[in-house]
Student: 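This structure is in structure tokens; I'll ask about it shortly.
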Amino acid sequence: MAKCKNVDIKSAIKIVTQAAKEYEENLNDRHFMVVYQEEAETKIVYFGFRDFNFLHLTGVNTTLKAKQFYKACLEHKLAGRDIIDLKKGKTQQKLAVIPYLSKILYNNCMIGYSIQNGIYLQADYFVGNTKAVLSVGFRFGENVDYPVTLYNGDVRKMIKPACKVLAIFTKRFDDKKYNQCTYLSKGQQIGKLKLDDAARNLLEEALVRDSVD
């Protein structure tokens, strides 16, 4: 678990401003296809990140609306007067781990369905890094799923079963096909993943072709 010491408003502004910059570079307006293995079966989830998701992931209680908050962070215009307090819910815990958010889908990670473990969790499933620091909760959506929370801790304590991620692909939300592989498990080849036709057709042909020996 990442160390969670209380931060003041000045420090919080610095944290979320940097996190917004990295969110913009790696996550915003992107959809992700996560291929994972549950026992002997290969499964897939699709989710996306937008500018209005960022505020909720920080946990900050602010006078600004979600898009205004994100824009203020990107433009380095977020001020102390914009923040009401940092004590709402799990704000301090979220601020401790949000610096890791932008890279979670570009590295080895695990995924699994949310379990009832005595903690109120609003997510249907979690993706967590293997350093047992950050877990991102997602809720099922109509077209793609969407992020709803961050958790400071080991994802294996929050999911069952804990499934191995085989590959992660991304695209801009308005692109038709996934054109970048952000993570591929050791020993895997994109062209040899056990995908159904619908999923395989969502990958750019060059991405599949160039991965096969």
Student: Atom CZ of Phe32 and atom CD1 of Ile104: how far apart are they, to the nearest 0.5 Å?
Tutor: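 Spacing of CZ (Phe32) from CD1 (Ile104) equals 10.5 Å.
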
Student: When rounded to the nearest 0.5 angstrom, what distance separates OG1 in Thr91 from CG in Asp85?
Tutor: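 Thr91 OG1 to Asp85 CG: 7.0 Å, rounded to 0.5 Å.
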
Student: Please check this pair: side chain of Ser135 against backbone of Gly153, looking for a donor-acceptor N/O pair closer than 3.5 Å.
Tutor: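 A pair under 3.5 Å: yes.
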
Student: What distance do Gln18 atom CD and Ser102 atom OG have between them, rounded to the nearest 0.5 Å?
Tutor: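 The OG atom of Ser102 is 8.5 Å from CD of Gln18, to the nearest 0.5 Å.
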
Student: How long is the gap from CG on Leu195 to CG on Leu203, to the nearest 0.5 Å?
Tutor: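 It comes to 6.5 Å.
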
Student: Under 6.0 Å from the ring centre and within 45 degrees of the ring axis: does the NZ or CZ of Lys67 meet both conditions for the six-membered ring of Phe52?
Tutor: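 Output no; distance or angle outside limits.
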
Student: Between Thr62 and Asp82, is there a donor-acceptor pair closer than 3.5 Å when you use the side chain of the first and the backbone of the second?
Tutor: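 Present.
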
Student: Which atoms form the tightest heavy-atom contact between Tyr183 and Asn108, and what is the distance?
Tutor: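 Looking at all heavy atoms of both residues, the closest pair is OH-OD1, 3.1 Å.
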
Student: Centre of Tyr146's six-membered ring, under 6.0 Å away, within 45 degrees of the axis: is that where NZ or CZ of Arg139 sits?
Tutor: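 Judged by the rule, Arg139 and Tyr146 form no cation-pi pair.
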
Student: Using a cut-off of 6.0 Å, state whether more than 12 heavy atoms not belonging to Asp197 lie near its atom CG.
Tutor: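 Check fails, neighbour count at 12 or below.
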
Student: Whether the side chain of Lys94 engages the backbone of His56 through a donor-acceptor N/O pair (distance < 3.5 Å, no angle test) should be reported.
Tutor: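 Such a contact is found between Lys94 side chain and His56 backbone.
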
Student: Between Gln37 and Glu41, is any side-chain donor less than 3.5 angstrom from a side-chain acceptor?
Tutor: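 The answer is no; no qualifying pair exists.
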
Student: Do Val136 and Val45 belong together in a cluster built from hydrophobic side chains that touch within less than 4.5 Å?
Tutor: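 Yes, Val136 and Val45 fall within the same hydrophobic cluster.
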
Student: Do the side-chain N and O atoms of Glu22 and Asn26 include a donor-acceptor pair separated by under 3.5 angstrom?
Tutor: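 The criterion, which ignores hydrogens and geometry beyond distance, is not satisfied for Asn26 and Glu22.
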
Student: Hey, could you give me the NZ/NZ distance between Lys194 and Lys43, rounded to the nearest 0.5 Å?
Tutor: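 Going from NZ on Lys194 over to NZ on Lys43, the span is 14.5 Å.
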
Student: Taking all non-hydrogen atoms of both residues, which atom of Leu95 and which atom of Ala12 are closest, and how far apart?
Tutor: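 Of all heavy-atom pairs spanning Leu95 and Ala12, the closest is CD1-CB, 4.1 Å.
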
Student: Should we count NZ of Lys177 as having more than 12 external heavy atoms under 6.0 Å?
Tutor: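 Buried by this count: over 12 neighbours within 6.0 Å.
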
Student: Does the side chain of Tyr23 pick up a donor-acceptor pair with the side chain of Asp51 at under 3.5 Å?
Tutor: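 No, because no side-chain N or O of Tyr23 sits under 3.5 Å from a partner of the opposite role on Asp51.
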
Student: Does Asn129 form a side chain to side chain donor-acceptor pair (under 3.5 Å) with Tyr100? I'd like the steps, not just the answer.
Tutor: CA-CA 9 Å; Asn129 62 18; Tyr100 305 102; over 6 Å; no

Student: Can you tell me how far apart CZ (Arg30) and CG (Asp175) are? Round to the nearest 0.5 Å.
Tutor: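 Result: 8.5 Å between the selected atoms.
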
Student: Would you say Val148 ends up clustered with Leu27 if hydrophobic residues are merged whenever their side chains have heavy atoms under 4.5 Å apart, either directly or through other cluster members?
Tutor: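 No, no single cluster joins them.
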
Student: Find out if a path of hydrophobic residues (ILVMFWY) with successive side-chain heavy-atom gaps under 4.5 Å connects Ile84 to Phe69.
Tutor: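 No, separate clusters.
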
Student: Do any N or O atoms from the side chain of Thr58 and from the backbone of Leu55 form a donor-acceptor pair under 3.5 angstrom?
Tutor: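 Present.
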
Student: Looking at every heavy atom in both Ser114 and Ala123, which two are closest together, and how far apart are they?
Tutor: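 Ser114 and Ala123 have their closest heavy atoms at CB-O, 3.3 Å.
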
Student: Hey, does the side chain of Asn53 reach the backbone of Leu57 with a donor-acceptor pair shorter than 3.5 angstrom?
Tutor: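 Side chain of Asn53 to backbone of Leu57: no pair is present.
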
Student: Which heavy-atom pair separates Lys164 from Ser185 by the least distance, and what is that distance?
Tutor: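 For Lys164 versus Ser185, the nearest heavy atoms are NZ-OG, 3.0 Å.
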
Student: To check you understand the geometry: which heavy-atom pair defines the closest contact between Arg50 and Asn28, and what is its length?
Tutor: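 The answer is C-OD1, 3.1 Å.
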
Student: Hey, is the main chain of Lys90 close enough, under 3.5 Å, to the side chain of Gln93 for a donor-acceptor pair?
Tutor: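 No, Gln93 side chain to Lys90 backbone: no donor-acceptor pair under 3.5 Å.
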
Student: Between the main-chain N or O of Ile13 and the side-chain N or O of Thr17, is there a donor-acceptor pair closer than 3.5 Å?
Tutor: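 Confirmed, Thr17 side chain pairs with Ile13 backbone.
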
Student: With a 3.5 Å cut-off and no angle check, do the side chains of Tyr46 and Asp145 form a donor-acceptor pair?
Tutor: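 The answer is no; no qualifying pair exists.
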
Student: Please confirm whether the backbone N or O of Phe140 pairs with a side-chain atom of Asp124, one donor and one acceptor, at under 3.5 Å?
Tutor: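 Looks like yes, one N/O pair under 3.5 Å.
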
Student: So for atom CD, which belongs to Glu39, do other residues, nucleotides or ligands contribute more than 12 heavy atoms lying within a distance under 6.0 Å?
Tutor: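 Counting neighbours around CD of Glu39, 12 or fewer heavy atoms of other residues, nucleotides or ligands fall under 6.0 Å, so no.
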
Student: Is it true that Tyr36 and Tyr106 fall in one hydrophobic cluster, defined by side-chain heavy atoms closer than 4.5 Å?
Tutor: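 Linked within one cluster.
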
Student: What is the ring orientation for Phe49 with Phe138, classed by angle as parallel under 30°, tilted 30 to 60°, or perpendicular over 60°?
Tutor: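 Rings of Phe49 and Phe138: perpendicular, over 60°.
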
Student: Is there a side-chain contact between Phe54 and Glu24, using heavy atoms and a 4.5 Å cut-off?
Tutor: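 Of all side-chain heavy-atom pairs linking Glu24 with Phe54, none is under 4.5 Å.
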
Student: Can a salt bridge be assigned to the pair Asp154 and Arg156 using a cut-off of 4.0 Å between side-chain N and carboxylate O?
Tutor: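 Yes, this pair counts.
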
